[in-house]
Amino acid sequence: MAPTAQNQALEEYKSGISDRLQNLAARIARAAHEAGRSVDEVKLLAVSKTWPADAVRSAAAAGQRAFGENYVQEGVAKVEALAGLGLEWHFIGPLQSNKTRLVANHFAWVHSIDRLRIAQRLSEQRDVHLPPLQVCLQVNVSGEDSKSGVSPDELPELARAVAALPRLSLRGLMAIPEPTPDTALQRRRFAQLRQLRDQLAGQGLVLDTLSMGMSDDLEAAIAEGSTMVRVGTAIFGTRSYPA
């Protein structure tokens, strides 16, 4: 692609991010209204995995502040490259023990804790000069063998243990149910996560975050109480970013 055509394609892509964010905001507002909720109760987390820092910069210029990353090295590189923008970074992917130090000290949130050992390492490795790391426990609500997440039966024990760790603040629960076009099934999965949150509240663990809902099912998630939807494709499009 010639430089002029390349620059034009890049500018069109950047403008498209702004337009898609506006459309997504309207979609979230509509879903919240239909659920009898305030749109202010639902936070948008832009999932920027596999997208370059310039794409994140464009979304930030359009007003988006919170971004989610799945891969440690890629995410840390963007955090460092865009440090001057004051963005809020969330780690939302599977986390291995040998990567916890990087995540503990570059991200503000971690959504994907499903083992006590990972939480312990994050707690031990979080810089004492940083605010507490905000964390969610990932729950396998669909029971898939291939899916990460603590089982609902094991959740209370894990939640109590994580809540007691220093330098972490247990904020809520996260789930990635199996993809399905069945809206009723979508809602049942999300309702299960909400009910688990409510059960923990009954045991004295009051959590304010339900991280659930993505591009294809955010309406069902908002209807069942989501406070944070994680959206990538509906913001950044399919992977055809101009080089």
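In this text the structure is predicted, and so the values were computed from the model without any measurement.
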Engineer: Does D217 use its side chain to pair, donor to acceptor, with the backbone of A220 at less than 3.5 Å?
Structural biologist: no
Engineer: About how many Å separate CG of L168 and CD1 of I113, when rounded to the nearest 0.5 Å?
Structural biologist: 6.0 Å
Engineer: What pairs meet the salt bridge (Lys or Arg N to Asp or Glu O under 4.0 Å) rule with one or both residues in residues 76-104, with sequence neighbours excluded?
Structural biologist: K43-E88, E69-K78, E74-K78
Engineer: Kindly state each residue pair satisfying side-chain hydrogen bond (donor to acceptor under 3.5 Å, both in side chains) with at least one member in residues 19-33, sequence neighbours excluded.
Structural biologist: R27-E219
Engineer: Kindly give the cluster partners of L185, where membership spreads through any ILVMFWY side chain lying under 4.5 Å from a current member.
Structural biologist: none
Engineer: What residues, two or more places apart in sequence or in another chain, satisfy side chain to side chain donor-acceptor pair (under 3.5 Å) together with T180?
Structural biologist: none
Engineer: What closest approach, in Å, do S148 and D114 show between heavy atoms, and which atom pair accounts for it?
Structural biologist: CB-OD2, 3.8 Å
Engineer: If you compare all heavy atoms of T100 against all heavy atoms of L122, which two are closest, and at what distance to 0.1 Å?
Structural biologist: O-CD2, 3.5 Å
Engineer: Name all residues meeting the salt bridge (Lys or Arg N to Asp or Glu O under 4.0 Å) criterion together with D208; count only those two or more places apart in sequence or in a different chain, and write none if there are none.
Structural biologist: R171
Engineer: Do R117 and S97 get their side chains close enough for a donor-acceptor pair, meaning under 3.5 Å?
Structural biologist: no
Engineer: Would you check if the side chain of N105 reaches a backbone N or O of Q125 as a donor-acceptor pair within less than 3.5 Å?
Structural biologist: yes
Engineer: Can you tell me how far the CG atom of L207 sits from the CG atom of L137, to the nearest 0.5 Å?
Structural biologist: 7.5 Å
Engineer: Examine distances only and state if a side-chain atom of S226 and a backbone atom of S211 form a donor-acceptor pair shorter than 3.5 Å.
Structural biologist: no
Engineer: Mind listing the closest non-hydrogen atom pair of L21 and A59 along with its distance?
Structural biologist: CD1-O, 3.8 Å
Engineer: Evaluate the side-chain proximity of M214 to V231: yes if any heavy-atom separation is below 4.5 Å, no if none is.
Structural biologist: no
Engineer: Let me check something: any side-chain donor-acceptor pairs from residues 61-68 under 3.5 Å, sequence neighbours excluded? List them with distances.
Structural biologist:
| unit_1 | atom_1 | unit_2 | atom_2 | d |
| --- | --- | --- | --- | --- |
| Q64 | NE2 | L44 | O | 2.9 |
| Q64 | NE2 | A66 | O | 2.8 |
| R65 | NH1 | A60 | O | 3.3 |
| R65 | NH2 | L85 | O | 2.6 |

Engineer: Looking at every non-hydrogen atom in both residues, tell me the closest pair between C136 and T209 and how far apart they are.
Structural biologist: SG-CG2, 4.0 Å
Engineer: A side-chain contact here means heavy atoms from C-beta on lying under 4.5 Å apart; do L24 and L218 qualify?
Structural biologist: yes
Engineer: In residues 192-206, what donor-acceptor pairs under 3.5 Å come from side-chain atoms, sequence neighbours left out?
Structural biologist:
| unit_1 | atom_1 | unit_2 | atom_2 | d |
| --- | --- | --- | --- | --- |
| R194 | NE | E224 | O | 2.8 |
| R194 | NH2 | E224 | OE1 | 2.5 |
| Q203 | OE1 | R160 | NH1 | 3.3 |

Engineer: Look at the side chain of T227 and the backbone N and O of L210, then say whether any donor-acceptor pair between them is shorter than 3.5 Å.
Structural biologist: yes
Engineer: Treating Ile, Leu, Val, Met, Phe, Trp and Tyr as nodes and any side-chain heavy-atom pair under 4.5 angstrom as an edge, say whether L45 and I28 lie in one connected cluster.
Structural biologist: no
Engineer: In Å and rounded to the nearest 0.5 Å, what is the OH to OG1 distance from Y71 to T50?
Structural biologist: 7.0 Å
Engineer: Mind checking what makes side chain to side chain donor-acceptor pair (under 3.5 Å) contact with D127, not counting sequence neighbours?
Structural biologist: H129
Engineer: Do V56 and S48 come close enough that some side-chain heavy atom pair is under 4.5 Å?
Structural biologist: yes
Engineer: Is there side-chain contact between M228 and V42, with heavy atoms separated by less than 4.5 Å?
Structural biologist: no
Engineer: Can you list the residues that meet the salt bridge (Lys or Arg N to Asp or Glu O under 4.0 Å) rule with E154, with sequence neighbours excluded?
Structural biologist: none
Engineer: Output yes when a side-chain donor or acceptor of R167 lies under 3.5 Å from a complementary backbone atom of R126, and no otherwise.
Structural biologist: yes
Engineer: So which heavy atom on L130 is nearest to which on A104, and how close?
Structural biologist: CD1-O, 4.4 Å
Engineer: Should W109 and L133 be counted in the same cluster of Ile, Leu, Val, Met, Phe, Trp and Tyr side chains packed under 4.5 Å apart?
Structural biologist: no
Engineer: Which distance, rounded to the nearest 0.5 Å, do you find between the CD1 of I92 and the CZ of F107?
Structural biologist: 9.5 Å
Engineer: Looking at residues at least two apart in the chain, or sitting in another chain, which of them share a salt bridge (Lys or Arg N to Asp or Glu O under 4.0 Å) with E178?
Structural biologist: R189
Engineer: Ring-plane angle category for H111 and H90, please: parallel below 30°, perpendicular beyond 60°, tilted otherwise.
Structural biologist: tilted
Engineer: With sequence neighbours left out, what residues match Q138 under side chain to side chain donor-acceptor pair (under 3.5 Å)?
Structural biologist: none
Engineer: Can you name the residues that form a side chain to side chain donor-acceptor pair (under 3.5 Å) with R115, not counting sequence neighbours?
Structural biologist: none
Engineer: Taking all non-hydrogen atoms of both residues, which atom of A223 and which atom of A35 are closest, and how far apart?
Structural biologist: CA-CB, 3.9 Å
Engineer: side-chain contact (heavy atoms from CB on, under 4.5 Å) between L95 and V72: does it pass, once the steps are laid out?
Structural biologist: CA-CA 8 Å; L95 183 54; V72 176; 4.1 Å; yes
Engineer: Between OG of S215 and CD1 of I235, what distance do you get to the nearest 0.5 Å?
Structural biologist: 7.0 Å
Engineer: To the closest 0.5 Å, what do you measure between CG (L173) and CG (L155)?
Structural biologist: 5.5 Å
Engineer: Is there a continuous path of hydrophobic side-chain contacts, each under 4.5 Å between heavy atoms, that joins M174 to V150?
Structural biologist: no
Engineer: Is there side-chain contact between I176 and R230, with heavy atoms separated by less than 4.5 Å?
Structural biologist: yes
Engineer: Would a 4.5 Å heavy-atom cut-off, applied to side chains only, mark W89 and L82 as touching?
Structural biologist: yes
